[in-house]
Novice: 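Here's a structure for you.
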Amino acid sequence: MSQQAHHPHQAAEPETPNLDFAGTTPYEDYVKADVLTHLQHTLSDDPGEMVFLVTTQVMELWFTVIVHEWETAAHALRSDDVPTATAALKRSVRELEALNASWKPLGQLTPAQFNAYRGALGDGSGFQSAMYRRLEFLLGEKSASMLVPHQGTPRVHAELEKALHEPSLYDEVLRLLARRGHPIPDSVLHREVSARYEPSEAVEAAWAAIYAGDQSDGLARLGEALTDVAELVWRWRNDHLVATRRAMGAKAGTGGSAGVAWLEKRARKNVFPELWTARSHV
């Protein structure tokens, strides 16, 4: 009897994957890894600059994904498609967790370590990030002055100007609540959307009514998804504050910002404020 007959269930040797391609690999064509891994051009001799640069670039990629999710959610809300909006927000929660984890490589920098390459940044500062600005605009944190740094890049400036004058994600949520019969004031529904959102007692009452009702209702689930987003944005701001405080204390930030003082002010603000204050009335 043959040796093969003694082992009828013997696993076959795995086939060798296709290794021969005429041009680039399909993986490279899709991911553009060669582009991504050659975008790192450090400006100092300090070996720690590489992790700072790569981590910042990773943050930009996460901003891009999260903006995509929130724009998907806003579009769905305009069409009264709450399940699609909620699903996009829940995906963004996992993405925000990954974004926030980006602070881990930078969160314990000492002043000496940061100073070793800080000069390479020149006037560069995170507040100049156009994609992060779009993220903040979607949260309702609008400010026309934040377009000024991008005057020299017409495409980016045009994208930000468009985002400035579009309803925020929260604007779309409140318009949905009104269409579902909740008494949202006209002053909120028809506010100047290019201005920063200000809390409303009537909106707070609407959320309190939603949370006092059926917890399985789509609007209650939407509210919880938004609250998860808001919590993680708050954590992002606080992690940024702590990392900056450890790396440079109370010194002025790069790019002329107030550094820690400016970050402390941002960290005190709640995103989607009535979702937090309404809980005191349920």
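The first residue in the sequence is number 1, and the count goes up from there. What's counted below: heavy atoms across the whole structure, side chains too, no hydrogens, waters or symmetry copies.
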Novice: Okay, side chain of Thr110, backbone of Gln113: is any donor-acceptor separation there less than 3.5 Å?
Specialist: yes
Novice: Any chain of hydrophobic side-chain contacts (each under 4.5 Å) joining Leu138 to Val93?
Specialist: yes
Novice: Hey, are the side chains of Leu121 and Leu43 touching, using non-hydrogen atoms and a 4.5 Å cut-off?
Specialist: no
Novice: Quick check for you: to the nearest 0.5 Å, what is the distance between Lys90 atom NZ and Glu224 atom CD?
Specialist: 10.0 Å
Novice: CD/Glu159 to OG1/Thr153 distance, rounded to the nearest 0.5 angstrom?
Specialist: 9.0 Å
Novice: Test side-chain contact (heavy atoms from CB on, under 4.5 Å) on Leu219 and His182; report intermediate values, then the result.
Specialist: CA-CA 11 Å; Leu219 293 182; His182 292 276; 3.8 Å; yes
Novice: For the hydrophobic clusters of this structure (ILVMFWY residues joined by side-chain heavy atoms under 4.5 Å, transitively), does one cluster hold both Val282 and Phe272?
Specialist: yes
Novice: With hydrophobic residues grouped by side-chain heavy-atom distances under 4.5 Å, do Leu53 and Leu99 end up in a single group?
Specialist: no
Novice: Please name all residues satisfying salt bridge (charged side-chain N to carboxylate O under 4.0 Å, His left out) with Asp80, sequence neighbours left out, ordered by chain then number.
Specialist: Arg179
Novice: Kindly compute the distance separating CG (Leu77) from CG (Leu176), expressed to the nearest 0.5 Å.
Specialist: 6.0 Å
Novice: Taking the side chain as C-beta and beyond, is there a heavy-atom pair between Trp207 and Leu177 under 4.5 Å?
Specialist: yes
Novice: Residues two or more places apart in sequence or in another chain: which of them pass side-chain contact (heavy atoms from CB on, under 4.5 Å) with Ala88?
Specialist: Glu69, Thr72, Ala73, Arg91
Novice: Spell out, yes or no, whether Val156 and Leu164 are grouped together once hydrophobic residues are joined by side-chain heavy atoms under 4.5 Å, including indirect joins.
Specialist: yes
Novice: Counting C-beta onward and ignoring hydrogens, is there a side-chain heavy-atom pair between Asp228 and Leu89 closer than 4.5 Å?
Specialist: no
Novice: What's the verdict on side-chain contact (heavy atoms from CB on, under 4.5 Å) for Leu275 and Asn270, showing C-alpha distance, side-chain angles and the deciding distance?
Specialist: CA-CA 9 Å; Leu275 274 165; Asn270 278 328; over 6 Å; no
Novice: Check whether any side-chain heavy atom of Val58 lies under 4.5 Å from a side-chain heavy atom of Val54, and answer yes or no.
Specialist: yes
Novice: State which residues pass side chain to side chain donor-acceptor pair (under 3.5 Å) with Arg175; sequence neighbours excluded, sorted by chain then number.
Specialist: none
Novice: Using the rule given for side-chain contact (heavy atoms from CB on, under 4.5 Å), can you reason through Phe127 versus Arg133, listing the C-alpha separation, both sets of side-chain angles and the distance that settles it, and then say yes or no?
Specialist: CA-CA 8 Å; Phe127 80 82; Arg133 193 54 46 202; 4.1 Å; yes
Novice: Using the ring pair (Phe, Tyr, Trp, His ring centres under 6.0 Å) criterion, which residues pair with Phe52? Sequence neighbours excluded.
Specialist: Phe114, Tyr117
Novice: Looking at side-chain heavy atoms only, is the closest gap between Val67 and Tyr132 below 4.5 Å?
Specialist: no
Novice: Return yes if a side-chain donor-acceptor contact under 3.5 Å exists between Glu60 and Ser129, otherwise no.
Specialist: yes
Novice: Cation over ring, Arg279 on Tyr211, under 6.0 Å and within 45°?
Specialist: yes
Novice: So does Leu39 get a backbone contact from the side chain of Gln57, meaning a donor-acceptor N/O pair under 3.5 Å?
Specialist: yes
Novice: Could you give the distance from OG1 (Thr24) to CG (Asp34), rounded to the nearest 0.5 Å?
Specialist: 9.5 Å
Novice: Carefully, step by step, assess Glu28 and Lys32 under the rule salt bridge (charged side-chain N to carboxylate O under 4.0 Å, His left out).
Specialist: CA-CA 5 Å; Glu28 176 60 34; Lys32 301 292 186 290; over 6 Å; no
Novice: Is the shortest heavy-atom distance from the side chain of Glu141 to the side chain of Lys269 under 4.5 Å?
Specialist: yes
Novice: If I compare all heavy atoms of Glu264 with all of Leu241, which pair ends up nearest, and what's the gap?
Specialist: CG-CD1, 3.5 Å
Novice: List for me each residue that meets side chain to side chain donor-acceptor pair (under 3.5 Å) alongside Ser44, sequence neighbours excluded, and say none if there are none.
Specialist: Glu49
Novice: Which heavy-atom pair separates Ile210 from Gln215 by the least distance, and what is that distance?
Specialist: O-NE2, 4.1 Å
Novice: Evaluate side-chain contact (heavy atoms from CB on, under 4.5 Å) for Glu97 paired with Asn100, printing each intermediate quantity in order.
Specialist: CA-CA 5 Å; Glu97 289 171 342; Asn100 290 0; 5.9 Å; no
Novice: Give the minimum heavy-atom separation between Asp214 and Ala220, together with the two atoms involved.
Specialist: O-CB, 3.8 Å
Novice: CG/Leu169 to CG/Leu226 distance, rounded to the nearest 0.5 angstrom?
Specialist: 6.0 Å
Novice: Would the distance check show the side chain of Lys142 and the main-chain N or O of Tyr197 forming a donor-acceptor pair, the cut-off being under 3.5 Å?
Specialist: no
Novice: Using a 4.5 Å cut-off on heavy atoms from C-beta on, say whether the side chain of Asp171 contacts that of Arg191.
Specialist: yes
Novice: Ignoring hydrogens and geometry beyond distance, is a side-chain donor-acceptor pair present between Glu204 and His281 at under 3.5 Å?
Specialist: yes
Novice: To check you understand the geometry: which heavy-atom pair defines the closest contact between Trp70 and Val233, and what is its length?
Specialist: CH2-CG2, 4.2 Å
Novice: Return the minimal non-hydrogen interatomic distance between Ser194 and His165, and the atom names on each side.
Specialist: CB-ND1, 3.7 Å
Novice: Not counting sequence neighbours, which residues clear side chain to side chain donor-acceptor pair (under 3.5 Å) with His41? List them please.
Specialist: none
Novice: Measuring only between side-chain heavy atoms, which start at C-beta, is Leu160 closer than 4.5 Å to Arg134?
Specialist: yes
Novice: Please check this pair: side chain of Gln108 against backbone of Lys104, looking for a donor-acceptor N/O pair closer than 3.5 Å.
Specialist: no
Novice: Show the numbers, then the answer: is there a salt bridge (charged side-chain N to carboxylate O under 4.0 Å, His left out) between Arg196 and Glu136?
Specialist: CA-CA 10 Å; Arg196 182 176 286 109; Glu136 288 275 1; over 6 Å; no
Novice: Do Leu96 and Met131 belong together in a cluster built from hydrophobic side chains that touch within less than 4.5 Å?
Specialist: yes
Novice: For the residue pair Ser143 and Ser145, what are the closest heavy atoms and their distance?
Specialist: OG-OG, 2.8 Å
Novice: Rounded to the nearest 0.5 Å, what separates atom CD in Glu172 from atom OG in Ser79?
Specialist: 9.5 Å
